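Labels below follow one simple rule: chain letters A, B, ... track the order of the sequence lines, proteins then strands, and each chain is numbered from 1. What you see is a predicted model; the values in this text were computed from it and never measured.
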Protein chains: 2
Amino acid sequence: MPKPTDAVVPAPASPAPALTDDLSFLLARANAISLAAGNAALAVHGLKARSYSVLVLTTGDARPSQREIAEFLRLDPSQVVSLVDDLQSRGLVERRTDPADRRANVVVATDAGRRLASVARGSARAAEEQVPRQLTPDQRQTLAALLRVLAFPET
Amino acid sequence: MPKPTDAVVPAPASPAPALTDDLSFLLARANAISLAAGNAALAVHGLKARSYSVLVLTTGDARPSQREIAEFLRLDPSQVVSLVDDLQSRGLVERRTDPADRRANVVVATDAGRRLASVARGSARAAEEQVPRQLTPDQRQTLAALLRVLAFPET
DNA sequence: GGAATTCCATTGAAATTGTCAATCATTTAT
DNA sequence: ATAAATGATTGACAATTTCAATGGAATTCC
């Protein structure tokens with residue numbers, strides 16, 4: 001397991017710089033693990049990471065439109081259509097045409113949706129705490145803060 | 001003197017337990033951004049993040065089998081077949097049946113493969129430094145160290 | 001030694017996901 | 001008022017993921 005001791009300047013002839021120093025690779029692998037654990041934990045509730053995310057977004061005060069959901073989740077708007085279709089058909093969310101802009105659908109969780117989100121959050125959290133077991137709470141918060149910078153870059 | 005993995009950024013106080021506190025979600029979104037940037041940067045060389053990873057793995061001393069590549073990249077073995085097929089058809093890697101286990105293929109980069117990997121590494125690094133340019137080198141190393149714990153959990 | 005079992009690579013099919021262009025209804029800009 | 005832009009939706013298509021099945025090779029177990 002390599003240590004974070006490498007310099008910033010690239011060294012041309014050094015022994016092959018491993019993938020394990022590559023932030024992109026580490027993100028991909030960590031995400032794959034986390035995603036698998038999350039999906040497994042949410043399956044009991046008939047949810048996946050995606051649908052869970054949408055559901056959670058609709059339980060807040062933000063009242064996001066589908067376009068906003070798509071942007072936030074980095075999905076194509078058409079994918080949000082399917083996700084909301086599914087949640088709506090299960091009575092977990094509703095589409096309300098935004099009075100301020102009647103093109104837009106505001107998606108809002110129903111009571112059942114809120115209840116499910118609340119239960120599912122427990123499962124998700126449990127799964128999430130399995131994965132970074134090796135991290136202290138402090139380290140986990142640091143990680144979250146740093147990831148937040150990557151996930152939501154300014155500008 | 002604080003350890004490198006101590007808290008650096010305070011968590012924002014939000015009323016609803018937002019998705020932005022969710023490590024899984026942050027990983028997913030950060031990864032999506034990083035992946036998009038990486039793929040875009042590697043496209044010039046006819047590579048994607050996946051094929052680039054395979055290529056890099058085969059330039060080291062590890063001499064990984066396809067099964068090992070699959071495990072490391074968290075891919076299905078059949079996906080590695082396609083990836084290696086592609087790289088091999090372009091003369092970038094070779095399959096050598098492992099003398100110690102003639103079921104296994106050891107994948108090793110050709111000279112052309114090594115040259116391409118070296119050039120592509122430059123592009124990848126450039127792209128990678130674009131994404132987290134809000135982070136100081138110290139923070140980036142902390143992030144890498146923490147991600148490494150998630151990506152390669154003990155046991 | 002030989003039979004059963006396990007493992008690696010490969011193929012191919014099915015399901016899921018990602019990407020894109022076109023359309024309708026509405027809103028914004030000229 | 002007309003034109004341009006935007007949000008949601010649909011449908012088509014590509015790419016990715018997931019699995020089951022196969023053949024050859026190694027391992028295990030009498």
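On the nucleic acid side, DNA chain C has its first and last nucleotide under 4.0 Å of a heavy atom of chain A at C:dT16 to C:dT27, going 5' to 3'.
At a non-hydrogen distance threshold of 4.0 Å, B:K48, B:R50 from residues 25-55 of chain B come into contact with DNA chain D. The stretch residues 64-90 of chain B comes close to DNA chain D through B:D76, B:S78, B:Q79, each having a heavy atom under 4.0 Å from the strand.
A donor-acceptor contact shorter than 3.5 Å links the side chain of B:N39 to the backbone of B:A49. The main-chain N or O of B:R114 is never found under 3.5 Å from a side-chain atom of B:S118 such that the two would form a donor-acceptor pair. Checked by atom type and distance alone, the side chain of B:R96 never pairs as donor or acceptor with a backbone atom of B:V108 at under 3.5 Å.
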Please tabulate, one pair per line, all N/O donor-acceptor pairs under 3.5 Å involving side-chain atoms of residues 66-77 of chain A, not counting sequence neighbours.
unit_1: A:Q66; atom_1: OE1; unit_2: A:R95; atom_2: NH1; d: 2.8
unit_1: A:Q66; atom_1: OE1; unit_2: A:N105; atom_2: ND2; d: 3.4
unit_1: A:R67; atom_1: NH2; unit_2: A:E71; atom_2: OE2; d: 3.3
unit_1: A:E68; atom_1: OE1; unit_2: A:S65; atom_2: N; d: 2.8
unit_1: A:E68; atom_1: OE1; unit_2: A:S65; atom_2: OG; d: 3.4
unit_1: A:D76; atom_1: OD1; unit_2: A:S78; atom_2: N; d: 2.9
unit_1: A:D76; atom_1: OD1; unit_2: A:S78; atom_2: OG; d: 2.5

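Where the helix from C:dG1-D:dC30 to C:dT30-D:dA1 starts and where it ends, the local axes point in directions that differ by 30°; five pairs per end, rounded to 10°.
B:V54 and B:V106 are members of different hydrophobic clusters when ILVMFWY side chains are connected at heavy-atom separations under 4.5 Å. Criterion: ILVMFWY side-chain heavy atoms under 4.5 Å apart, direct or through other members. Under it, B:F152 and B:V149 are part of a common hydrophobic cluster. Note: the hydrophobic cluster containing B:L47 also contains A:L23 (ILVMFWY, side chain heavy atoms under 4.5 Å, direct or indirect links).
Atom CZ of A:R96 is separated from atom C1' of D:dA8 by 18 Å (rounded to the nearest Å).
With respect to A:R90 and A:D86, a salt bridge is recorded, a charged nitrogen being found less than 4.0 Å from a carboxylate O. By the 4.0 Å N-to-carboxylate-O rule, A:D21 lies close enough to B:R148 to be salt-bridged with it.
Residues A:T110 and A:V93 have side chains not in contact (no heavy-atom distance under 4.5 Å, counting atoms from C-beta outward).
For B:R102, the salt bridge (charged side-chain N to carboxylate O under 4.0 Å, His left out) test picks out no residue, with sequence neighbours left out.
Between the side chains of A:E128 and B:S24, a donor-acceptor pair is found at a separation under 3.5 Å.
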